[in-house]
Amino acid sequence: GALSALLLAACGEEKTESLTAYKVGTDIEAGEYLIIADNSTSTDSFIKISTDNIGTSESTLYSARFENNEHMYTTITDNQYLIIKGATFYTLDDAPSIIPKDGVYQNGQFKVGTDIPAGEYTYIVDKNNGSAFIEVNKSSIYDVDNIILSETPTVDGSITLTDGQYLTLQNVHIETK
């Protein structure tokens, strides 16, 4: 719809070196968004959820850095600010699929039941790529109370996922085919 076109037009500006702050409830609607790092950037891609449009350490509720095509979900509420650089954000209705065609889930966040089916999986630590990280959250609101599992595995292991959870993988992958 019109909001989606506005969001996509605004997001296209994010490929520059500037960062943009969107006030939730004024510039964009409250809700859940999928955020995808641009291909052309690396560690300069990031988001902040903040109580002001500056994103100082005191006002920042959550922040994350991205690399090529990494993605995450976030839920934002009225009067918060989404501060973004080097990434594109989508409403869930307009978001592209992040389901990997080869069935290998890696480096990003996936919504269980939408992007990856619920079930038990074996994860494989990518030993040559730095520290491994795996996290499971109850929702896309970043709060310590929503963390179900957060660890830095050094060996392969298994994980059980249920619908509605959010799985974050960094230097770990899951093969589903």
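The distance from atom CD1 of I148 to atom OG1 of T162, rounded to the nearest 0.5 Å, is 6.0 Å. For the atom pair Y121 OH and I174 CD1, the distance stands at 7.5 Å (nearest 0.5 Å). Taking CD of E70 as the start and CD of Q106 as the end, the distance is 10.0 Å to the nearest 0.5 Å. Here T20 contributes atom OG1 and L82 contributes atom CG; the two are 9.5 Å apart, rounded to the nearest 0.5 Å. The distance from the OH atom of Y166 to the CD atom of Q109 is 7.5 Å, given to the nearest 0.5 Å. Atom OG1 of T168 and atom CD of Q170 lie 9.5 Å apart (nearest 0.5 Å).
Across all their heavy atoms, K111 and E32 have their closest contact at NZ-OE1, 3.0 Å. Nearest approach of I83 to A21, heavy atoms of both residues: CG1-CB, 3.9 Å. Minimum interatomic distance between P100 and Y105 (heavy atoms only, all atoms of both residues): CD-CE2, 3.3 Å. In this structure, D145 and K138 approach most closely via the heavy-atom pair O-NZ, 3.4 Å. When all heavy atoms of K48 and S63 are compared, the closest pair comes out as CG-CB, 3.7 Å. Here the closest heavy-atom approach between residue I47 and residue I84 is recorded as CG2-CG1, 3.8 Å.
Looking at heavy atoms from C-beta onward, Q165 lies out of side-chain contact with L149 at the 4.5 angstrom threshold. I124 has its side chain out of reach of V172: every pair of non-hydrogen atoms, C-beta onward, lies at least 4.5 Å apart. Using a 4.5 Å cut-off on side-chain heavy atoms (C-beta onward), L167 and I134 make contact. With a 4.5 Å cut-off on side-chain heavy atoms, Q80 and L61 count as touching. A heavy-atom distance below 4.5 Å is found between the side chains of Y33 and I28. Side-chain contact check for P153 versus Y123: some heavy-atom pair is nearer than 4.5 Å.
Side-chain contact annotation: S50 with D52, donor-acceptor N/O pair under 3.5 Å present. Between D38 and S45, the side chains place no donor N or O within less than 3.5 Å of an acceptor N or O (distance only, hydrogens not considered). Under the 3.5 Å distance criterion, with hydrogens and angles disregarded, a donor-acceptor pair is assigned to the side chains of Y73 and D115. In the model, T74 has no side-chain atom that pairs as donor or acceptor with a side-chain atom of S140 under 3.5 Å. In the model, E135 has a side-chain atom that pairs as donor or acceptor with a side-chain atom of N137 under 3.5 Å.
Here the side chain of N146 pairs no donor or acceptor atom with the backbone of S139 at under 3.5 angstrom. The backbone N or O of S57 lies less than 3.5 Å from no partner atom in the side chain of T60, so there is not a single donor-acceptor pair. With N79 contributing its side chain and G25 its backbone, the two residues share no donor-acceptor pair below 3.5 Å. Using a distance-only test at 3.5 Å, with no hydrogens or angles considered, a donor-acceptor pair links the side chain of T176 to the main chain of G103.
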(message) side-chain contact (heavy atoms from CB on, under 4.5 Å) for D78 and T26? Distances and angles first, verdict last.
(response) CA-CA 8 Å; D78 283 343; T26 302; over 6 Å; no

(message) Run the side-chain contact (heavy atoms from CB on, under 4.5 Å) test on E175 and K177 for me, step by step, so that the C-alpha distance in whole Å, both residues' side-chain angles and the decisive distance to 0.1 Å come before the verdict.
(response) CA-CA 6 Å; E175 298 175 8; K177 291 185 180 179; over 6 Å; no

(request) Determine, step by step, whether I35 and T88 satisfy the side-chain contact (heavy atoms from CB on, under 4.5 Å) criterion, reporting the C-alpha distance in whole Å, the side-chain angles of both residues, the deciding distance to 0.1 Å, and the verdict. (result) CA-CA 6 Å; I35 302 171; T88 304; over 6 Å; no

(request) Please assess F46 against L19 for the test side-chain contact (heavy atoms from CB on, under 4.5 Å), listing each intermediate value before the final yes or no. (result) CA-CA 9 Å; F46 70 87; L19 41 111; 3.6 Å; yes

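Residues I147 and V112 do not share a hydrophobic cluster, defined by chaining ILVMFWY side chains whose heavy atoms lie under 4.5 Å apart. Connection of I98 to L92 is established within a shared hydrophobic cluster, with ILVMFWY side chains joined at heavy-atom distances below 4.5 Å, either directly or through further cluster members. The cluster map of Ile, Leu, Val, Met, Phe, Trp and Tyr, joined by side-chain heavy atoms under 4.5 Å apart, puts I141 and Y22 in different clusters.
Considering only residues two or more places apart in sequence or on other chains, T152 meets the side-chain contact (heavy atoms from CB on, under 4.5 Å) condition with F133.
Aromatic rings of H71 and F110 (six-membered ring for Trp) have centroids within the 6.0 Å cut-off, being under it.
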